[in-house]
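To keep things clear, I will list the structure first and then write my remarks on it.
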Amino acid sequence: QTMSLIILLLISANIIVAAPPRFTNIKCEVLDPSYCSYTQCDLKITGRGIVALNVEARLLKGPFNNAKVNLSLWRKFNGFRPFMFNGTFDFCKFLLKPNKLSFQKIIMDSFVPNSNLNHTCPYEKEIVVRDLVFKEEFFRFMPLPSGEYQLQLMAATDNDWKTRVSVNILLQE
């Protein structure tokens, strides 16, 4: 009884916090095998409750000066359903002049420190995201209710979809 009282006091004082948000799954899909191949597409446990995302895409053609990206956010309700955002944008133009408070900018800011996406077009050879750990700050401008989400990224060149990466994220209170 004393222990439950201590736990209630700690919870009310916000000393005990919920599990941190984390990646739970990743799937990399090649839609055009002549465009790219994935040499790595996985999640790695780096510590207790800490999961790192790793993706390495080898570009088989290029350099690419025209790229469109579709970003969409899905939430799990008896399967994943569209949620809040689904938009396509010119990736090369976005890198030159990003919209400061856009969904695209929020997502790019979370990936850039752990990737080689920190420059404008052209892109060639490979795209790498290494040891990316999901942090609560990623969505600080877009607070989301707890639940399981899927962030889907599709890339196109010459108006033809080439690849899709889907990342599942668990947000807990």
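Since we're looking at a predicted model, the values are computed, not measured.
The minimum heavy-atom distance between S110 and L132, with the atom names listed, is O-CD1, 3.2 Å. Between P122 and N65, the closest heavy-atom pair is CB-OD1, 3.1 Å. Summarising the geometry of F23 relative to F134, their closest heavy-atom pair is CE1-N, 3.3 Å, with the distance given to 0.1 Å. Listed here is the closest heavy atom pair of C41 and I26: SG-CG1, 3.8 Å. The two atoms that bring R75 and S146 nearest to each other are NH2-O, 2.7 Å, heavy atoms only. Nearest heavy-atom pair across L95 and C121 is CD1-N, 4.3 Å.
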| request: Give the C-alpha distance, both sets of side-chain angles, the deciding distance and a yes or no for side-chain contact (heavy atoms from CB on, under 4.5 Å) between L171 and Y149. | output: CA-CA 8 Å; L171 301 177; Y149 293 86; 3.5 Å; yes
| task | Please step through side-chain contact (heavy atoms from CB on, under 4.5 Å) for the pair F103 and M84, ending with a clear verdict. | result | CA-CA 10 Å; F103 183 72; M84 195 190 283; 5.9 Å; no
| said: For a side-chain contact (heavy atoms from CB on, under 4.5 Å) check, start with the C-alpha distance between W161 and N70, then their side-chain angles and the critical distance, and finish with the verdict. | reply: CA-CA 9 Å; W161 297 110; N70 174 271; 3.7 Å; yes
| task | With side-chain contact (heavy atoms from CB on, under 4.5 Å) as the test, would you mind laying out the steps for L71 and Q104 before giving the verdict? | result | CA-CA 7 Å; L71 279 176; Q104 297 93 329; 4.1 Å; yes
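Annotation for L96: atom CG counts as buried by contact number, over 12 foreign heavy atoms lying within 6.0 Å.
Proximity of a side-chain donor or acceptor of R81 to a complementary backbone N or O of N78 within less than 3.5 Å is detected. Side-chain N or O atoms of N116 include one that pairs as donor or acceptor with a backbone N or O of V128 at under 3.5 Å. With hydrogens and angles disregarded, no donor-acceptor distance shorter than 3.5 Å links the side chain of T157 to the backbone of N66.
Sorted by first and then second residue, the pairs that involve residues 31-69 and meet ring-ring contact (aromatic ring centres under 6.0 Å, His included), not counting sequence neighbours, are Y35-F64. Among pairs with a residue in residues 121-134, those fulfilling salt bridge (Lys or Arg N to Asp or Glu O under 4.0 Å) read K44-D131, E56-R130, R58-E126, at least two apart in sequence or across chains.
Residues V69 and V167 share a single hydrophobic cluster, defined by chaining ILVMFWY side chains whose heavy atoms lie under 4.5 Å apart. Criterion: ILVMFWY side-chain heavy atoms under 4.5 Å apart, direct or through other members. Under it, L153 and V112 are part of a common hydrophobic cluster. Criterion: ILVMFWY side-chain heavy atoms under 4.5 Å apart, direct or through other members. Under it, F111 and M154 are not part of a common hydrophobic cluster. The cluster map of Ile, Leu, Val, Met, Phe, Trp and Tyr, joined by side-chain heavy atoms under 4.5 Å apart, puts M108 and F85 in the same cluster.
Listed by chain and number, the residues in a salt bridge (charged side-chain N to carboxylate O under 4.0 Å, His left out) with K76 are E148 (sequence neighbours excluded). Residues that satisfy the salt bridge (charged side-chain N to carboxylate O under 4.0 Å, His left out) test with D32, not counting sequence neighbours, are K162.
Side-chain heavy-atom separations under 4.5 angstrom define the hydrophobic clusters, and the remaining members of the one that includes F80 are W74. Apart from I50 itself, the hydrophobic cluster it occupies contains V133, where clustering links Ile, Leu, Val, Met, Phe, Trp and Tyr at side-chain heavy-atom distances under 4.5 Å.
In this structure, CG in L151 is found 5.5 Å from CD1 in I169, a value given to the nearest 0.5 Å. Distance CG/L53 to CZ/R22: 14.5 Å, rounded to 0.5 Å.
Q150 has its side chain out of reach of F83: every pair of non-hydrogen atoms, C-beta onward, lies at least 4.5 Å apart. Using a 4.5 Å heavy-atom cutoff, the side chains of L31 and R164 are in contact.
Of the residues listed (D160, N159, D90, T88), the one engaging K68 in a side-chain hydrogen bond (donor to acceptor under 3.5 Å, both in side chains) is N159, and it is the only one.
Taking the six-membered ring for Trp and thresholds of 30 and 60 degrees, Y123 and F91 have ring planes inclined between 30 and 60 degrees apart.
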